[in-house]
*Asks:* 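Dropping the structure in here first, questions after.
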Amino acid sequence: MDGAIARARSERGELVLLRRGDAVELRVNGVFVMDTAHTGTERELAAATLRAVEGTDLRVLVGGLGLGFTLQEVLADPRVREAHVVEIEPDLLDWHRAGLVPQTAGVLRDDRVRCHVGDVAEVITAQPAGSVDVLLLDVDNGPGYLVLDANAAIYRAGFLARCAEKLSDGGTLAIWSADTSPELRAALEEVFGGCEERAIPVRLGRRETTYHLFLAVR
Ligand SMILES: C[S@@+](CC[C@H](N)C(=O)[O-])C[C@H]1O[C@@H](n2cnc3c(N)ncnc32)[C@H](O)[C@@H]1O
């Protein structure tokens, strides 16, 4: 049966978790954010970045939680010592804890996870310099398709420079985007001196599209 599993209101609007067949879907203000049927690129955001990072005792920061697939992939790497997850919608954390997203059940119970409720920009700004090895950002659809206008600054050079300052030497920032973005690429190149863009083909039902990961190393 299809229908709403949970609903909440915050200052940003309405958050809804829906059942669609076997899948669970997240919507904000009626806009599709993601579902549990197509999660390859959310998982690859973590997997590709962790493959590129050396060392052990890794400190990872994930923003935001969404349906939990990026975090689940982070936790699958035994080298991860701490996984900080930042989510702006407190109700979403409660829904995970209540088991409403069975596909990623238990991610918040892992001992390595530290939850932060708030804006990822503020939480990152509050971190000590050099304290993060892997920074994974998937808070919106990308700079060209924002669900929340306030997230525009996350894709600009000023905030990306703050991310660079919080990364350890050799630490990596990776950003998920629904589309390519020459502006984001240019901002990352300006701040980090380089950027790798990976275009990943995705099939959404009958539609084929490409999602993008942007990786930059400090
Ligand atoms: C596309 S989902 C993340 C999907 C996630 N990668 C996964 O694997 O399920 C985006 C999430 O970021 C949250 N979010 C949006 N803006 C945010 C911000 N500025 N700071 C923290 N979380 C934010 C949303 O509420 C939503 O849960």
Side-chain angles (χ1 to χ4, degrees), residues 5-18 23-50 60-76 83-97 100-108 110 113-127 134-156 159-160 162-163 173-179 200 202 204 211-214:
I5 303 167
R7 239 177 238 284
R9 286 205 77 80
S10 72
E11 59 200 75
R12 285 157 299 282
E14 189 187 43
L15 192 71
V16 183
L17 204 59
L18 291 165
V24 173
E25 180 180 318
L26 178 65
R27 284 194 201 173
V28 173
N29 292 328
V31 178
F32 173 88
V33 174
M34 70 175 294
D35 63 23
T36 56
H38 307 97
T39 61
T41 57
E42 285 84 356
R43 286 184 276 115
E44 189 62 7
L45 173 67
T49 311
L50 284 162
V60 180
L61 191 149
V62 180
L65 173 62
L67 296 179
F69 290 91
T70 302
L71 179 61
Q72 189 177 55
E73 199 66 37
V74 165
L75 297 172
H84 295 260
V85 61
V86 188
E87 172 55 51
I88 205 163
E89 300 294 353
D91 291 287
L92 192 53
L93 288 154
D94 291 344
W95 295 346
H96 274 274
R97 291 188 180 111
L100 300 188
V101 190
Q103 293 84 346
T104 54
V107 283
L108 297 186
D110 190 298
V113 171
R114 314 273 182 277
C115 294
H116 305 255
V117 176
D119 185 341
V120 73
E122 290 173 13
V123 173
I124 288 175
T125 300
Q127 300 306 307
V134 175
L135 195 36
L136 304 173
L137 293 182
D138 179 14
V139 289
D140 216 301
N141 285 332
Y145 301 87
L146 294 174
V147 177
L148 300 177
D149 291 343
N151 282 334
I154 281 176
Y155 304 95
R156 296 194 186 125
F159 176 68
L160 299 174
R162 212 168 305 148
C163 291
L173 166 67
I175 302 178
W176 188 99
S177 176
D179 206 351
I200 305 177
V202 178
L204 305 172
Y211 289 157
H212 296 252
L213 303 182
F214 293 85

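Atoms within a ligand are numbered from 1 in the order they appear, just like the ligands themselves. Here the structure is a predicted model, which means the values were calculated and not measured.
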*Asks:* With atoms numbered from 1 as shown, which atoms in ligand 1 lie under 4.0 angstrom from a non-hydrogen atom of Met34?
*Replies:*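 Close to Met34: 4 (C), 7 (C), 9 (O).
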
*Asks:* Quick one: which of Val120, Leu67, Leu15 has a heavy atom closest to atom 9 (O) of ligand 1?
*Replies:*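 Closest candidate by heavy-atom distance is Leu67.
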
*Asks:* For Glu73, run the side chain to side chain contact (heavy atoms under 4.5 Å, CB included) check against Arg43, Glu44, Glu42 and tell me which one passes.
*Replies:*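 Answer to the side chain to side chain contact (heavy atoms under 4.5 Å, CB included) test with Glu73 among Arg43, Glu44, Glu42: Arg43.
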
*Asks:* To which protein heavy atom is atom 15 (C) of ligand 1 closest, and what is the distance rounded to 0.1 Å?
*Replies:*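 Here the closest protein heavy atom is Val139 O, 3.1 Å.
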
*Asks:* Given that the side chain starts at C-beta and the backbone is N, CA, C, O, which of these parts of Leu65 lies under 4.0 Å from ligand 1, counting heavy atoms, or is it both or neither?
*Replies:*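 Under 4.0 Å from ligand 1, Leu65 contributes backbone atoms alone.
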
*Asks:* To the closest 0.5 Å, what do you measure between CG (Leu71) and SG (Cys115)?
*Replies:*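 Output value for this atom pair is 8.0 Å.
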
*Asks:* For ligand 1, which atoms have a heavy atom of Asp119 less than 4.0 angstrom away?
*Replies:*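 So the atoms of ligand 1 that pass are 18 (C), 19 (N), 20 (N).
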
*Asks:* Can you find a non-hydrogen atom of Gly118 under 4.0 Å from ligand 1?
*Replies:*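 In this structure, Gly118 qualifies as a contact of ligand 1 - some heavy atom is under 4.0 Å.
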
*Asks:* For Ile154 and ligand 1, does the shortest N/O to N/O distance drop below 3.5 Å?
*Replies:*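 Ile154 vs ligand 1: no N/O contact under 3.5 Å.
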
*Asks:* Measure the spacing between CD1 of Ile175 and CD1 of Ile154 and express it to the nearest 0.5 Å.
*Replies:*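 Here the rounded value is 9.0 Å.
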
*Asks:* State, to 0.1 Å, how close Leu160 and Tyr155 come at their nearest heavy-atom pair, and which atoms those are.
*Replies:*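 That closest heavy-atom pairing would be CD1-O, 3.8 Å.
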
*Asks:* Who gets closest to atom 8 (O) of ligand 1 by heavy atom: Val62, Thr70, Leu45?
*Replies:*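 Checking each option, the heavy atom nearest atom 8 (O) of ligand 1 is found in Thr70.
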
*Asks:* With a 6.0 Å cut-off (strictly less than), is the heavy-atom count around CZ of Arg114, excluding the residue itself, greater than 12?
*Replies:*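 Above 12, so yes.
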
*Asks:* Is a donor from one side chain sitting under 3.5 angstrom from an acceptor on the other, for Ser10 and Glu89?
*Replies:*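 The answer is yes; a qualifying pair exists.
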
*Asks:* Indicate yes or no: does an N/O atom of Ile88 lie under 3.5 Å from an N/O atom of ligand 1?
*Replies:*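 Yes: some nitrogen or oxygen of Ile88 is under 3.5 Å from one in ligand 1.
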
*Asks:* Is the shortest N/O to N/O distance between Val33 and ligand 1 below 3.5 Å?
*Replies:*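 The answer is no, given that Val33 and ligand 1 share no N or O pair closer than 3.5 Å.
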
*Asks:* Evaluate Asp138 for polar contact with ligand 1, using N/O atom pairs at a separation under 3.5 Å.
*Replies:*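 Yes, since at least one N or O of Asp138 sits under 3.5 Å from an N or O of ligand 1.
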
*Asks:* Under the criterion side chain to side chain contact (heavy atoms under 4.5 Å, CB included), I'd like the reasoning laid out for Asp138 against Leu136: C-alpha separation, chi angles, the key distance, then a yes or no.
*Replies:* CA-CA 7 Å; Asp138 179 14; Leu136 304 173; over 6 Å; no

*Asks:* Polar-atom distance check: Leu148 versus ligand 1, any N or O pair below 3.5 Å?
*Replies:*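 No; every N/O pair is 3.5 Å or more apart.
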
*Asks:* Taking distance alone, with no angle check, do Leu92 and ligand 1 share an N/O pair under 3.5 Å?
*Replies:*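 The answer is no, given that Leu92 and ligand 1 share no N or O pair closer than 3.5 Å.
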
*Asks:* Decide if atom OH of Tyr145 counts as having more than 12 heavy atoms of other residues, nucleotides or ligands within a radius under 6.0 Å.
*Replies:*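 Not more than 12 within 6.0 Å, no.
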
*Asks:* Could you tell me which atoms of ligand 1, counted from 1 in the order shown, lie closer than 4.0 angstrom to a heavy atom of Glu89?
*Replies:*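 Numbered from 1, ligand 1 contributes 25 (O).
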
*Asks:* Quick test: of every protein heavy atom, which one is nearest to atom 27 (O) of ligand 1, and how far off is it to 0.1 Å?
*Replies:*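 Result for atom 27 (O) of ligand 1: Glu87 OE1, 2.7 Å.
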
*Asks:* Flag Leu26 as yes when one of its N or O atoms lies below 3.5 Å from any N or O atom of ligand 1, and as no otherwise.
*Replies:*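 Looking only at distances, the answer is no, because the N/O contact criterion of under 3.5 Å is not met.
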
*Asks:* What do you reckon, does Asn151 have a nitrogen or oxygen under 3.5 Å from a nitrogen or oxygen of ligand 1?
*Replies:*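 Yes: some nitrogen or oxygen of Asn151 is under 3.5 Å from one in ligand 1.
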
*Asks:* Yes or no: does Gly68 have any heavy atom under 4.0 Å from an atom of ligand 1?
*Replies:*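 Checking ligand 1 against Gly68, which is what was asked, there is a heavy-atom contact under 4.0 Å.
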
*Asks:* Please find the pair of heavy atoms, one from Leu45 and one from Leu137, that lie closest to each other, and give the distance.
*Replies:*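 Of all heavy-atom pairs spanning Leu45 and Leu137, the closest is CD2-O, 4.2 Å.
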
